[in-house]
There are 2 protein chains.
Amino acid sequence: MKKTIIDVARELNLSPSTISKIVNNTGRISPQTRERVLKYVKESGYVAMSNARKLSSKKSWTIGVIYSDISLVGFEHPFFSRILQSFKNHVESMGYDIVLIVSKLGNNELTYLEWCRNKKVDGILIVMGNINNPNIIEVVASDYPCVSTDIVMPNLHSIISDDAQGIKLGIEFAIKKGLKRISVVSGPLTVRSFNTRVQTFREEMTRRNLKYNEKDIHFTVGFAYEDGYRIGLEIGKKKDNIPDIVLTFSDVLAFGLIRGLEDSGLRIPDDVSVIGYDDIDFARHYTPALTTIAQDTEEIGLRAAKALLLSINEKQEKTQKIALVPVRLVERETTKK
Amino acid sequence: MKKTIIDVARELNLSPSTISKIVNNTGRISPQTRERVLKYVKESGYVAMSNARKLSSKKSWTIGVIYSDISLVGFEHPFFSRILQSFKNHVESMGYDIVLIVSKLGNNELTYLEWCRNKKVDGILIVMGNINNPNIIEVVASDYPCVSTDIVMPNLHSIISDDAQGIKLGIEFAIKKGLKRISVVSGPLTVRSFNTRVQTFREEMTRRNLKYNEKDIHFTVGFAYEDGYRIGLEIGKKKDNIPDIVLTFSDVLAFGLIRGLEDSGLRIPDDVSVIGYDDIDFARHYTPALTTIAQDTEEIGLRAAKALLLSINEKQEKTQKIALVPVRLVERETTKK
DNA sequence: TTGTACGCGTTATCAA
DNA sequence: TTGATAACGCGTACAA
């Protein structure tokens, strides 16, 4: 059976509290006993039972993760799941567990915050969320350490990709290749990153004195392949006015777009160049391999972990901080050489 | 602050134990008080604090998940993550939490079993694992309720796809389309499902009196796109002896294969038909859209959840059980009409 | 039918 | 420097 701290204490002729202090590195203990205990603990493989520990101490060594309001998006989401993966690797190496927050506990519906209090999580990571969700708002407004890799809100620390840079990279690339007529395919503007990118597109085009038409900025209703496909067909129709290159704001959308373009008789990249966004695995597996703006999910997850751990350990006042992680353009086959 | 069971008791002029009995539906309580308490509990949103509850009771309402020995495979794995997602949805609706088992707790390296005992998980799901891993063997040999959606071992309950059926479907399809020369691209035989499929292929071809050459069964060293690509090039080389159709044992491998074939100057499906395996999202997004053997991840996850919950609630003796979940062939564009 | 008292394994506080 | 004791919040025999 499992050893308890009492067993260890008895076998060492010490009191449980002494063991506890040593294991947790708290209080003053003589070097001799410390060493003796540490040695024994190591040999016997004693580990404090987590529930008891959590009950008695304040820390839970657990981080709550809000992965998606709309639980439609599963783990397999190629972008967010990579961020989570990276985050997880890092916090685990620091001894923290991850637990996905659901608004349901047994038979009770709980708000995220209630759920977190109940589980006594130490901090909260919002991998993706909706800024209008009261549950999210409540969490961010609470005194819980929070970090987000998606949304931006007052009093929230966000680690996100540099969306403006991505668009500038895209435009710069187009110009360098001599592709003058630039179109855009964006997802819904309710998503911050899409919004930023569209804004930046307008600004940058203007700043560079490049002509563009508002009609060249297309919006999809959703995030799916089919949404991109629809736009592809649409663009394909205006035979007289085909863009040289289209900047698409997600790889999945880009795949759909390309197929739509192809089904309209256009060849990629000979007739139209296409740039995606995200650089998910399939971007390089697609035929033709997709030129895309790569987001550094590894770095985002890592920095989110560091930021959250930091604010857990030295509770600072909550302020809005936004850390921008650089993106880069990966040239493949969907753009003209 | 959070309400405790004592608060509730005091406010209702009852004792904590009475509340506990009612909430947990144990012991005999008069209908009146029961109703009164239930009503109050609902209104006030009281939920037992999970750590305390776990400490004092035997159940933890938590299921440990072994997702991967080699932590190389992330959440975004298109196949296993869908199974996990489905499993999660189901057990959550039954009030269970999921926690990913890592062999590390704080600074201590633990075996999976030690970890589970420490966290007092109620049961274990092996989404994917390695039958030679001592950690896995120990867990399966223990008295913990275990279910796997991947590996097959003595005394383990496994919910897996009907691999034999998948191959039969593939061969049948080929014959129906008049595609005589059938090749196979398999992953490493150390993986059970690949092994079964290869075996079935041999048996079925023999049973149907179809000719095949052992050289037509190709093996990759890994699971990646590049592994498939390499085989594609290889097949493409033997100009005189191109198969009519190739059964590939994963979609990712199939994508690589197709590209390899195309880079050898072969057209899909005009020169060669290709069938994948899994039916991940991208199978239908690929160009050409991939004909493939679809595994029912939703069903696998669901049945795994039911099986595990069942064996948690009525501890039966551990025996080997293997539940086969049907697959189906989805015809798309990589096979001749 | 309800309440009392104790145990679950730890940590924190305070005394020795 | 170490140890005794209470407290964490809940479940559960057992007593009332």
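We use all heavy atoms of the structure for the numbers below, so side chains are in, but hydrogens, waters and symmetry mates are not. A, B, ... follow the sequence lines: proteins, then strands. Residue 1 opens every chain.
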Exercise. Nearest whole angstrom, please: distance from the P of C:dT11 to the NZ of A:K54.
Key: 13 Å

Exercise. Give the ring-plane orientation class for A:W61 versus A:Y96, where under 30° counts as parallel, over 60° as perpendicular and anything between as tilted.
Key: tilted

Quiz prompt | Salt bridge present between A:R82 and A:D281 (N-O < 4.0 angstrom) | solution = yes

Practice problem: Could you pull out the closest heavy-atom pair between A:T33 and A:I29, with the gap in Å? | Solution: OG1-CG2, 3.5 Å

Quiz item: Do A:F79 and A:M128 have side-chain heavy atoms sitting under 4.5 Å apart?
Solution: no

Practice problem: Answer yes or no: is there a donor N or O on one side and an acceptor on the other, between the side chain of A:S158 and the main chain of A:I151, under 3.5 Å? | Solution: yes

Quiz item: In Å, rounded to the nearest 0.5 Å, how long is the span from OG of B:S86 to CD1 of B:I300?
Solution: 9.0 Å

Quiz item: Separation of B:L12 atom CG from C:dG3 atom P, in whole Å?
Solution: 10 Å

Quiz item: Can you name the one residue among B:T62, B:V91, B:L125 that meets side chain to side chain contact (heavy atoms under 4.5 Å, CB included) with B:I98?
Solution: B:V91

Quiz item: Just how large is the angle between the end axes of the helix from C:dT1-D:dA16 to C:dA16-D:dT1, five pairs per end, to 10 degrees?
Solution: 40°

Practice problem: Could you tell me the separation between the CG atom of B:N118 and the C1' atom of C:dG9, rounded to a whole number of Å? | Solution: 11 Å

Exercise. Please report the closest heavy-atom contact between A:L302 and A:H90, naming both atoms and the distance.
Key: CD1-ND1, 3.3 Å

Exercise. Could you run through nucleotides 2-12 of chain D and give me one letter per nucleotide, 5' to 3': B if any protein heavy atom sits under 4.0 Å from the base, S if only the sugar-phosphate is that close, - if neither?
Key: BBB---BBBSB

